2 protein chains.
Amino acid sequence: MTNRHAPFDQIATPKVMCLSCPARQSFLCSGLDDHQLQHLAARASRFELMRGKNLILEGDPSDNVYNIISGDVAVSRVSADGRRQILGFLSKGDFVGLTLSENYSFSAEALSDAKLCRFDRRSLDELVERFPEMDRQLRRMGAAAMDAMLDLVFALGRKTAQERVASFLIGLSHKQGNCDDPALHVYLAMTRSDIADYLGLTIETVSRILSRLKSSQVIRIKAVNRIEILDLDQLQSLADADLS
Amino acid sequence: MTNRHAPFDQIATPKVMCLSCPARQSFLCSGLDDHQLQHLAARASRFELMRGKNLILEGDPSDNVYNIISGDVAVSRVSADGRRQILGFLSKGDFVGLTLSENYSFSAEALSDAKLCRFDRRSLDELVERFPEMDRQLRRMGAAAMDAMLDLVFALGRKTAQERVASFLIGLSHKQGNCDDPALHVYLAMTRSDIADYLGLTIETVSRILSRLKSSQVIRIKAVNRIEILDLDQLQSLADADLS
DNA sequence: CGTGGATTTGAGGACCTTCAAAAGCGGTGG
DNA sequence: CCACCGCTTTTGAAGGTCCTCAAATCCACG
């Protein structure tokens, strides 16, 4: 009762408490002290998004920036005739919607039920003005996003289907593990169709290659969305074509 | 004589005069006033790079940032087995080498004899500290680079060879023309091999598609590196698959 | 005018897609 | 609890786009 229609009473809004936020370690927040986080909290509002719902629609005015508290989000671009290219998969701690143009040039959709934190872009800008450290963090995040894009460009332009799928699994393994300790049990928040649209392939090709990796004992498909990596070295060498 | 070994005498160094720089309108410089430009000039050094020479090698420490005064540069990534993916073509006014990581994650090569302006990254950072406006410009440039990457990702992942080549020509046409007035005579600073490595194709495919566009009267190949667009609308529709 | 590299063109083949159908999986209701 | 339904995934067969290999042509340059 107290927090409905009480947008100005931030203290009474238990929904937004950055100090105890699960995404506290995210790029943006990790560089801030408690004082700054309070300012951040004052401008944020939490909400949930059901699986399959759009967070952002290509072309919409870019008024908000979102931080993912939990769940998975796919960022994509779709052509007039329906071809879809997924630009990236985001999860806990990642930001969605950071752009400098007036309108979003991509869509974003929840792959699972997700909890999010909404920031007004204007007030985020003010905050950046006030705390230059946030700017560094934003730049760092932008740079990380760019690195991911460069990897994707190389994969799409110059890797075979098998190399793309292997790279993709390696990537998941690193994201879900810790530094230098890749996870061997990876969870696929996305469908085969999402993977295909990310890797520039078809559902069938993705499925066939996963089957092939399975029969060569490189992976084990424990469930449709849970894969165990049995031979990481082998998977890595199948993924390569990477670094020079 | 006066300007050799006189690095502290900026006025006497005719090599670096941002006020009259051909790249004066570049993203970075266009937002600065004369005073700021003088500071910029104090930290910049001009030099030339022969065609085919590398400006940046993947893995090198990212100590410098370059602004292109004239000429064309290709940014690329190469895998262990020699596969190359060109990430972008840059020309007058563009910056090369902007990254936040300690080492470059890409190479850069001159496609033609080029004139460049070198900035020490450290002193550029100081400058940014001092003139927040420069930061905006840097962000803007980063965002533009990201937009280009997103377009490339879509092309590589979801466009046919013909669509990629058509998009590429349209892109050149816009870069070489003015706003809303695409150039109909485009100059190709890059070889077929470069185009292929940019579009994720082979030389032969690029050549075949250009020939096909020629015989369908969409373009005219005036020279191996000069193409005239005869039917822009047709080319545009061949390129599409674009916006939703 | 000859030479070497880039480009174009051709023929055949590989990889991935398309089309099609079977199998697996989760949820709902009888 | 199980049968049924819809959807996703897997698997198979055929086909197309693009690649590979090869040779001819073009072009710049000495």
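Only a predicted model underlies this, so the values are computations on that prediction, with no experimental measurement involved. Proteins get letters first, then strands, A, B, ... in listed order; numbering begins at 1 in each.
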As a test of understanding, state which of L235(B), L238(B), V218(B) forms a side-chain contact (heavy atoms from CB on, under 4.5 Å) with L169(B). L235(B)

OP1 or OP2 of dC18(D) versus the side-chain N and O atoms of T202(B): is any pair under 4.0 Å? no

Write down the distance between CG (L199(A)) and C1' (dC15(C)), rounded to a whole number of angstrom. 16 Å

How many whole angstroms separate atom CD1 of I209(B) from atom C1' of dT9(C)? 14 Å

Under 3.5 Å, is there a donor-acceptor pair linking the side chains of K159(B) and S167(B)? yes

What's the CG-C1' distance between N225(B) and dA28(D), to the nearest Å? 11 Å

In this structure, how many angstroms lie between the P atom of dA24(D) and the CD1 atom of I203(B), rounded? 19 Å

Categorize T191(B) for me: base, sugar-phosphate, or nothing, with a 4.0 angstrom heavy-atom threshold over every strand shown. sugar-phosphate

Please determine if a side-chain N or O atom of S211(A) lies less than 4.0 Å away from the OP1 or OP2 oxygen of dT11(D). yes

DNA chain D nearest-nucleotide lookup for L210(A) and T160(B): closer to the 5′ end is L210(A)

Heavy-atom pair of closest approach, residues C21(A) and I69(A): SG-CD1, 3.5 Å

Could you tell me the separation between the CZ atom of R51(A) and the P atom of dC7(D), rounded to a whole number of Å? 13 Å

Using a 4.5 Å cut-off on heavy atoms from C-beta on, say whether the side chain of D194(A) contacts that of F89(A). yes

Closest to the 5' end of DNA chain C, once E204(A) and Q162(A) are matched to their nearest nucleotides, is Q162(A)

Taking side-chain contact (heavy atoms from CB on, under 4.5 Å) as the criterion, tell me which of I229(B), L188(B), I195(B) meets it with L172(B). L188(B)

Can you tell me the distance, in whole Å, between the CZ atom of R192(B) and the P atom of dT25(D)? 19 Å

Rounded to whole Å, CG of D194(A) lies from C1' of dT8(D) at a distance of 12 Å

Give one of base, sugar-phosphate or nothing for L201(A), where a contact means two heavy atoms less than 4.0 Å apart. sugar-phosphate

Tell me which of T205(B) and V206(A) sits closer to the 5' end of DNA chain C, going by the nucleotide each one is nearest to. T205(B)

Take the protein atom CD1 of I227(A) and the nucleotide atom P of dT9(D), then report the distance between them rounded to whole Å. 11 Å

Respond yes when some side-chain nitrogen or oxygen of S207(B) is under 4.0 Å from OP1 or OP2 of dT7(C), and no when none is. no

Are OP1 or OP2 of dT11(D) and a side-chain N or O of R208(A) less than 4.0 angstrom apart? no

